[in-house]
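Notes to accompany the following structure.
The analysis underlying the following values was restricted to heavy atoms, covering all of them including side chains, and did not include hydrogens, waters or symmetry mates. In what follows, chains are A, B, ... by sequence order, proteins preceding strands, each numbered from 1.
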Number of protein chains: 2
Amino acid sequence: MSQDLPVTSYALLGLLTFGDDLTGYELKQRADRTLRYYWVAPAMSQVYSELDRLSERGLVRARDAGPNKRSTKYRITPKGRRALTRWMTDEPVGFPVLKHPVVLRLLIGHVVAPEVTRRMLREHLAALAEHRAGLAGVRDSLQGRDEPGDAFRYPSLVADWGLEYLDGERAILEKLLARLDEES
Amino acid sequence: MSQDLPVTSYALLGLLTFGDDLTGYELKQRADRTLRYYWVAPAMSQVYSELDRLSERGLVRARDAGPNKRSTKYRITPKGRRALTRWMTDEPVGFPVLKHPVVLRLLIGHVVAPEVTRRMLREHLAALAEHRAGLAGVRDSLQGRDEPGDAFRYPSLVADWGLEYLDGERAILEKLLARLDEES
DNA sequence: ACAGCCATGTAACTCGTTACATGATTAC
DNA sequence: GTAATCATGTAACGAGTTACATGGCTGT
């Protein structure tokens, strides 16, 4: 009965387990505040097509609330909850995949002047700070609902993980940049 | 004249700037020792199709060396080198994308028993150690050719980056696991 | 009235993967 | 001789993206 779905499907399904029903649009917004930092930010069109697929398989159900069939809210079904639990419990979790264009360019730094590489690193550090600020905002919004047993316990753990992760990346790259600077 | 190529094309092209000509097979091996840790490990079939595309555009040239047209070695052309330098210098570098299934499952940890999540983290830490050992082997093989000006200076910097990155990830996850353990 | 956001979808396309097919060379 | 590895490709497919199209709702 194990219907093989891509991980992103389960990810979106998982976002519907926080006690509320969401429209496709709202689901996309939630993904942008969560999944984005350690999975992907799916395109709007993909959110809708994933919802269609999940509907077909009975893992979510559409309950239109709006006047004229718009604002269709989706709710996870008991079957969907079982499928999600089974996936979490039985399917082997894959190894993380990192696509890091900055490090990729560092690898072939010998084809450009050293200053080009240093500039790239400085700019990346700025982008990193901005990215971190976004996540810090998310983390703050979870304050007070993050104790063991609370609804947003796990999202809070994940946000904390992300902040530490980004701080680690910054520290490593600052050290690397300093090393490049002193050797010119 | 800027022919838009996917990043992976430039990555493979970049692997041909280390002074030697490679067959598709050898290029795949080099990718597995380098790109794999911070970009992707392209499938064999993709390596061949990328080489075809790079050939068509004159960025690499095939020089068959083997007796009967096998063991075709590829060399980057001057035009290829220019295209690569232009890409490094002018194209904006994107932000890293992380696909981290372990953290994704942590986010929705509330749908399974806490022990399932803890077990996942323990297993991931083991996989992480194995992954790190592979990279440490690569790093060791570059010893002695990693000074400023040496051929493998930048690959060594990148390998060092990777080891620190993995150590950071391990530290964060160990702390997280301890936190989950004590709260049970 | 108009701008901006909410909301949903279709079509075309690219990247990248897996499965398959083939055969040569090397080591035991 | 036979297994492992070297070496090269084709075909089918799936995930995910961008571009496009449409229209309702809300605030000013």
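Nucleic acid contact class of B:S49 (heavy atoms, under 4.0 Å, all strands): none. Residue contacts shown for A:A41 are limited to sugar-phosphate atoms, with no base heavy atom under 4.0 Å away.
A:R145 places no side-chain N or O within donor-acceptor distance of the main-chain N or O of A:D150, the cut-off being under 3.5 Å. Checking side-chain atoms of B:K28 against main-chain N and O of B:Q46 turns up no donor-acceptor pair under 3.5 Å.
Electrostatic pairing of B:D20 and B:K73 does not count as a salt bridge here, judged by no charged N lying under 4.0 Å from a carboxylate O.
The interatomic distance linking B:E50 (CD) with D:dT8 (P) rounds to 16 Å, in whole Å. The interatomic distance linking B:R30 (CZ) with D:dC6 (P) rounds to 15 Å, in whole Å. Rounding to whole angstrom units, CG of residue A:L51 and P of C:dT10 are separated by 13 Å. Rounded to a whole Å, the CD atom of A:Q46 is 7 Å from the C1' atom of D:dA15. Protein atom CZ of B:R53 is 9 Å distant from nucleotide atom P of C:dT14, rounded to whole Å. Between B:K73 atom NZ and D:dT8 atom C1' the separation is 15 Å, expressed in whole Å. Distance A:D4 CG to D:dC13 P: 17 Å, rounded to the nearest Å. Rounded to whole angstrom, the span from the CG atom of A:D52 across to the C1' atom of C:dG9 amounts to 9 Å.
For A:Y165 and B:Y165, the distance between ring centers is under 6.0 angstrom.
Residue B:Q29 has its side chain nearest to D:dC6 when only C:dG16, D:dG16, D:dC6 are considered. Checking D:dG16, D:dA7, C:dA7 against every side-chain atom of A:S71, the shortest atom distance belongs to C:dA7. Nearest nucleotide to the side chain of B:P6, out of D:dT18, C:dC15, C:dG9: C:dC15.
Below the 3.5 angstrom threshold, one finds a donor paired with an acceptor across the side chain of A:S45 and the base of D:dT18.
Note on ring orientation: taking the six-membered ring where Trp is involved, the planes of B:Y154 and A:H110 are tilted (angle from 30° to 60°). Using cut-offs of 30° and 60° for the angle between ring planes, the A:W161 and A:Y38 rings count as perpendicular.
Nucleotides of DNA chain D nearest to A:M44 and B:Y48 differ in position, and the one nearer the 5' end is that of B:Y48.
Here the OG1 atom belonging to B:T17 is positioned 6.0 Å from the CD1 atom belonging to A:I108, to the nearest 0.5 angstrom. Annotation: the span from B:L27 atom CG to B:D32 atom CG amounts to 10.0 Å, rounded to 0.5 Å.
In the hydrophobic cluster analysis, where Ile, Leu, Val, Met, Phe, Trp and Tyr join through side-chain heavy atoms closer than 4.5 angstrom, A:V97 is grouped apart from B:L107.
Remark: the A:E169 side chain and the A:H100 side chain contain an N/O donor-acceptor pair separated by less than 3.5 Å.
Inter-axis angle, ends of the helix from C:dA1-D:dT28 to C:dC28-D:dG1, five pairs per end, rounded to 10 degrees: 30°.
For DNA chain D, no neighbouring residue in residues 13-28 of chain A is found when judged by any heavy atom under 4.0 Å.
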